[in-house]
Number of protein chains: 2
Amino acid sequence: MTVPTGRRERKKAATRQKIADTALRLFLERGYDAVGIREVAAEADVAVTTLFSHFASKEALVFEQDQHFARSLVRAVTERAPHEPLVPALRREIEALVRHCTADEAAPVWRMIDASPALRSYEDSMRLRHAELLADALAADPGLSRTTTACRTLARFVIDAYTVAREAADPQAALDEIFPMIEAAWAVTRPTGSPADPA
Amino acid sequence: MTVPTGRRERKKAATRQKIADTALRLFLERGYDAVGIREVAAEADVAVTTLFSHFASKEALVFEQDQHFARSLVRAVTERAPHEPLVPALRREIEALVRHCTADEAAPVWRMIDASPALRSYEDSMRLRHAELLADALAADPGLSRTTTACRTLARFVIDAYTVAREAADPQAALDEIFPMIEAAWAVTRPTGSPADPA
DNA sequence: ACAGTAACACTAACGGTTAGCTTTTTGGAA
DNA sequence: TTCCAAAAAGCTAACCGTTAGTGTTACTGT
């Protein structure tokens, strides 16, 4: 009953991947709303219950990879060089993420997402979960010492930057505009127990 | 065939209100997830299809009134005194909205919302729609002349302030912390065609 | 070889939502 | 006053995402 040695995990991962690939293919071919779960399961040659044991919802099939998003941002905070300023580190990561999802190759997927209210709504909530994870990472950073409120606010601002930039005509220009705003917002926060705080 | 004179509209509004009141009562009595749509309809003495002709979804029954939210924020922008600075006007409105929803009377409703992932998710998307409306109002204000990106970013920041403050232990203190950040962020934006912009 | 368990399958249902169609109510015109 | 068109409400029957319950197969460590 220790960790399984391999084949089982590989088969599971293969099944998961086959489901995700099949789903994305069908969704892109015929539209997200026009393809039912039963159809995806049949085409991937698995039972509906199996599909739902790998993915929590139909929308999750589309955002299969997006734990990567939150992890990248958290890592940008936790693994930045000592004394490296926070906001530029976050900016670099957001720029990379925006470039990644505005690449030509990804365009059909994002067109599909934009066309489906269910997917848009799912992404909204997902991003907010990501913001919470980022806020936790900020709150845990011993070099920052900001209040919970400041951390949660900055985390949301950063997620906002991603979303607004992604939808802008020129994402890079948008980030050039948004990050000075974030920088200024962060600059007016003070470490807890700083001179201005008599506590 | 001109505009209906009244009775029809009144009856329709009465039906809508009865459905909303019944739904909220049942949800609070027995929990949002434990009460089905068919049950709400039966208790309100209407057909299920009638219920859905008044409300787009089960969640919408709970947030029945929240067009008020977006309208208040938009009005705070459009109807502020000439040359009155923007951010303080928005702050006053957000403070009022936060006080309103953290009032003791509203507590059971918010506890119910917090307990249901479906409702939380619905609210997330709703607030983002509100942010878009606010962004449109900002973009339309002739006294501001900021880029679309700056308007959308500020709108999201303001919505973030509402959400973070509402969930904070001390909402008023949270706003005291967040709005200086927003103020600073807005201060670094420049009207289009300002001195620094050679265009 | 064997026991335990993880993965998968099947059936049947539940709950939100919608389509299609009929009936009632209402406002205004003949 | 009577009658018509349209709005509102109703009923039935389904669709679709999702889950519970219950087996069955396949793999792992002993």
Side-chain angles (χ1 to χ4, degrees), chain A residues 1-20 22-24 26-27 30-64 116-123 125-126, chain B residues 1-20 22-24 26-27 30-64 115-123 125:
Chain A
M1 68 161 280
T2 46
V3 283
T5 33
R7 186 174 319 177
R8 196 174 264 179
E9 281 181 347
R10 262 184 293 119
K11 284 210 170 186
K12 181 171 183 174
T15 301
R16 183 192 158 90
Q17 200 56 45
K18 183 172 184 184
I19 294 170
T22 305
L24 194 58
L26 291 180
F27 291 161
R30 319 219 312 271
Y32 178 77
D33 295 313
V35 179
I37 283 289
R38 290 161 176 87
E39 210 169 341
V40 174
E43 183 87 6
D45 199 30
V46 297
V48 172
T49 46
T50 300
L51 187 156
F52 277 109
S53 78
H54 285 274
F55 299 92
S57 66
K58 187 186 182 186
E59 294 91 44
L61 288 166
V62 173
F63 294 99
E64 184 224 354
S116 161
L119 287 175
R120 293 184 65 91
S121 169
Y122 182 89
E123 192 194 352
S125 299
M126 186 180 70
Chain B
M1 63 161 277
T2 45
V3 282
T5 33
R7 187 175 316 177
R8 192 174 267 179
E9 281 181 349
R10 262 184 293 118
K11 286 213 169 186
K12 181 169 184 175
T15 301
R16 182 194 160 89
Q17 199 57 44
K18 184 173 184 185
I19 295 171
T22 305
L24 193 57
L26 292 180
F27 291 160
R30 321 219 312 272
Y32 178 76
D33 295 314
V35 179
I37 282 290
R38 290 163 176 85
E39 211 169 340
V40 173
E43 183 87 7
D45 199 30
V46 298
V48 172
T49 45
T50 300
L51 188 156
F52 276 109
S53 77
H54 285 274
F55 298 93
S57 67
K58 186 186 184 187
E59 294 92 46
L61 287 167
V62 173
F63 294 100
E64 184 226 350
S116 161
L119 286 175
R120 292 184 64 91
S121 170
Y122 182 89
E123 192 194 352
S125 299

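Worth saying up front: this structure is predicted, and the values here are computed from it rather than measured.
- Atom-to-atom, NE2 of H54(A) to C1' of dA9(C) comes out at 12 Å; the value is rounded to the nearest Å.
- Listed nucleotides: dT11(C), dT17(C), dA9(D). Nearest to the side chain of T49(A): dT11(C).
- Here the nucleotide nearest the side chain of F52(A), chosen from dA8(D), dT18(D), dT25(C), is dT18(D).
- Distance, K58(A) NZ to dG16(C) P: 19 Å, rounded to whole Å.
- The two atoms that bring F27(A) and V40(A) nearest to each other are CE2-CG2, 4.1 Å, heavy atoms only.
- Annotation: the span from E43(A) atom CD to L26(A) atom CG amounts to 5.0 Å, rounded to 0.5 Å.
- Spacing between atom CZ of F55(A) and atom C1' of dC8(C) amounts to 15 Å, rounded to whole angstrom units.
- Side-chain atoms of T15(A) lie closest to dC8(C) of the nucleotides dC8(C), dT17(C), dA20(D).
- Atom pair I37(B):CD1 and dG16(C):C1' shows a separation of 7 Å (rounding to whole Å applied).
- With dA7(C), dA19(C), dT11(C) as the candidates, the nucleotide lying closest to the side chain of K12(A) is dA7(C).
- Rounded to a whole Å, the CG atom of L51(A) is 15 Å from the C1' atom of dC10(C).
- Counting distance only, with no hydrogens placed and no angle test, the side-chain atoms of S53(A) and the base atoms of dC8(C) include no donor-acceptor pair under 3.5 Å.
- In this structure a side-chain-to-backbone donor-acceptor pair under 3.5 Å is missing from K18(B) to D45(B).
- To the nearest 0.5 Å, atom OG1 of residue T50(B) and atom CZ of residue F55(B) are 12.0 Å apart.
- Side-chain nitrogen and oxygen atoms of K11(A) include none within less than 4.0 Å of the OP1 or OP2 phosphate oxygen of dA7(C).
- Within residues 38-46 of chain B, the residues that place at least one heavy atom under 4.0 Å from DNA chain C are, in residue-number order, R38(B).
- Proximity of a side-chain donor or acceptor of Y122(B) to a complementary backbone N or O of S121(A) within less than 3.5 Å is not detected.
- Taking CG of D33(B) as the reference point, atom NZ of K58(B) lies at 5.5 Å (rounded to 0.5 Å).
- D33(A) has its CG atom 12 Å from the P atom of dT18(C), to the nearest Å.
- Atom CZ in R16(A) sits about 12 Å away from atom P in dA7(C), given to the nearest Å.
- Going from atom CG of L119(B) over to atom C1' of dG16(C) covers 13 Å, rounded to whole Å.
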Worksheet item: Can you list the steps and then say if E123(A) with E59(A) is a side chain to side chain contact (heavy atoms under 4.5 Å, CB included)?
Response: CA-CA 9 Å; E123(A) 192 194 352; E59(A) 294 91 44; over 6 Å; no
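- Minimum atom distance to the side chain of T50(A) is reached by dC8(C), of the listed dG10(D), dC8(C), dT26(C).
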